[in-house]
Amino acid sequence: MSAEHLDDIGARLAAARARVAAAEHDAHRAPGSARLLLATKTVPLDGVRSALLADAAARAGDPAAPAPVLVGENRVQELVAKAPHLADLAPEVHLIGPLQSNKVNQALGVAGCVETVDSVALAERLATRCAASGRVLDVLVQVNVSGEETKHGAHPDAAVRTALDVAALDGLRLRGFMTVGARSSDPARVRAGYRLLREIRDEVRDSGEPGAEGAIELSMGMSGDLELAVAEGATIVRVGSAVFGARPL
Ligand SMILES: *Cc1c(COP(=O)(O)O)cnc(C)c1O
């Protein structure tokens, strides 16, 4: 990336932080209750590093600073390529794109959380590998709240059952839910999807079923609509273009 573009990243990150803070305030939520995840697909390593360094600098010496940004990648290969070069900055790394079964081992090597568990079959595959190596993996269940055919995720009607089955597996810790919002210019429609994810989360978290009480996260909202998601309770907003600029098509 050009030097100018790298310089911009710190300012854009600060602007994204300010948007999240304003949205938390408007929703009468505690400052820092929605964490920021950097969606780094197609972003070169120097861009990702600039964002993480700017984040560390902005937070240094401020006891009231929000939690460090998370890093999210869509493709396992891209994550595997970048992760070793980010290790000195120790970000919490999430997989936010679909996980094919032949990539499970690779994903486990680099991701601290898989946000895209959309079936019990995938969860069982992850759980088996985790149990074999004695580790516990954080997972979110992805739900297709909009019903758009191009989107991944469990059907909303099946999401509670899927999540409870995932929560019961050894080797996985169900931390909550993730969705990609409706592609719509109607804020009411987008918001209704985010509300639905929150209702699914509440039902699971309050179910009393084994492993369900830790399902608190709601990963929802992106550069274009994070305010709507924070208003509906997002605990993680995933931001790419607002920080890194437009992606190549
Ligand atoms: C790309 C991506 C984002 C970020 O999108 P922006 O509109 O660039 O903020 C968030 N979540 C997922 C799953 C993505 O693929």
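In listed order, ligands and their atoms are each counted from 1. Since we're looking at a predicted model, the values are computed, not measured. Residue indices begin at 1 and follow the sequence shown.
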Ser241 and ligand 1 - part of the residue with a heavy-atom distance under 4.0 Å: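 Looking at Ser241 and ligand 1, atoms from backbone and side chain both fall under 4.0 Å.
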
From [X] atom [atom1] to [Y] atom [atom2], the distance as rounded to the nearest 0.5 Å:
X: Thr40; Y: Glu78; atom1: OG1; atom2: CD; answer: 6.5 Å
X: Leu53; Y: Asp88; atom1: CG; atom2: CG; answer: 8.0 Å
X: Ile236; Y: Leu226; atom1: CD1; atom2: CG; answer: 13.5 Å
X: Met178; Y: Leu95; atom1: CE; atom2: CG; answer: 8.5 Å

Going by the atom numbers of ligand 1, which of them fall below 4.0 Å from some non-hydrogen atom of Gly240?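 So the atoms of ligand 1 that pass are 4 (C), 6 (P), 8 (O), 9 (O).
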
Report, in ascending order of atom number, the atoms of ligand 1 lying under 4.0 Å from any heavy atom of Val239.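 Answer for ligand 1: 9 (O).
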
Gly153 to Asp118 - nearest heavy-atom pair and separation: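 Reported closest heavy-atom pair: CA-CB, 3.8 Å.
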
Closest protein heavy atom to [atom], given as residue, atom name and distance to 0.1 Å:
atom: atom 14 (C) of ligand 1; answer: Lys41 NZ, 2.9 Å
atom: atom 9 (O) of ligand 1; answer: Ser223 OG, 2.5 Å
atom: atom 13 (C) of ligand 1; answer: Ile96 O, 3.5 Å
atom: atom 11 (N) of ligand 1; answer: Arg238 NE, 2.9 Å
atom: atom 10 (C) of ligand 1; answer: Met222 SD, 3.1 Å

Hey, are the side chains of Asp26 and Glu227 touching, using non-hydrogen atoms and a 4.5 Å cut-off?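 Asp26 vs Glu227: side chains apart.
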
Is any side-chain heavy atom of Leu126 closer than 4.5 Å to a side-chain heavy atom of Leu99?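 Side-chain contact under 4.5 Å: yes.
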
Min heavy-atom dist Arg247 to ligand 1 below 4.0 Å: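 Within the 4.0 Å threshold, so yes.
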
